[in-house]
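Notes for the one structure printed next.
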Amino acid sequence: CPHLGLTSYLDVVVVSHDVGIEKPHPGIFHIALEHVGAPPQEALMVGDQYHSDIVGACAAGLRALWLDRDGVFDERDGCVRIGSLSDILKHI
């Protein structure tokens with residue numbers, strides 16, 4: 001994130017290399033939740049990678065939105081897809 005200039009906008013950054021766990025392992029999501037002091041049922045994961053972002057977040061007990069900007073991915077059971085980041089507002 002430092003090279004994107006977003007760090008000042010984020011409360012927490014969890015880097016898989018630093019914690020030794022990679023997505024989709026639920027542990028990395030639990031570590032992030034611990035850092036912000038939130039239970040999984042109060043969190044929302046938005047990601048564009050189905051397996052690592054969506055499957056991983058759901059396995060950790062989070063709600064998840066699959067960002068599919070181009071509408072090119074096949075439907076997945078129980079998966080809520082959004083077409084843009086502004087669509088997040090409809091789900092919070």
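In this text the structure is predicted, and so the values were computed from the model without any measurement. Throughout, residue positions are numbered sequentially from 1 according to the sequence presented.
A single hydrophobic cluster is seen to contain both I31 and M45, as judged by linkage of ILVMFWY side chains at heavy-atom distances under 4.5 Å, directly or through other members. F29 and Y50 fall into different hydrophobic clusters, where Ile, Leu, Val, Met, Phe, Trp and Tyr residues are linked whenever their side-chain heavy atoms come under 4.5 Å apart, directly or through other members. Hydrophobic cluster membership is shared by L44 and I82, with clusters built from Ile, Leu, Val, Met, Phe, Trp and Tyr side chains linked at under 4.5 angstrom.
In plain terms, the two heavy atoms of P40 and G61 that are nearest each other are CB-O, 3.4 Å. Between D48 and D53, the shortest heavy-atom distance links the atoms N-OD2, 3.1 Å. In this structure, L62 and A43 approach most closely via the heavy-atom pair CD2-CB, 3.7 Å. Contact between I54 and C79 at its shortest, heavy atoms only, is CG2-SG, 3.9 Å. Taking every heavy atom of both residues into account, V80 and H91 meet most closely at CG1-CE1, 3.5 Å. Counting all heavy atoms, side chain and backbone alike, K23 lies closest to S52 at CB-O, 3.5 Å.
With a 4.5 Å cut-off on side-chain heavy atoms, V12 and V14 count as touching. The shortest side-chain heavy-atom distance between I21 and S16 does not fall under the 4.5 Å cut-off. Counting heavy atoms from C-beta outward, L85 and V46 have side chains that approach closer than 4.5 Å. Side chains of D87 and K90 form a contact here, defined as non-hydrogen atoms less than 4.5 Å apart.
H25 places no side-chain N or O within donor-acceptor distance of the main-chain N or O of G56, the cut-off being under 3.5 Å. In this structure, D68 contributes its side chain and F73 its backbone to a donor-acceptor pair below 3.5 Å. A distance-only check finds no donor-acceptor pair linking the side chain of D18 to the backbone of V15 [under 3.5 Å].
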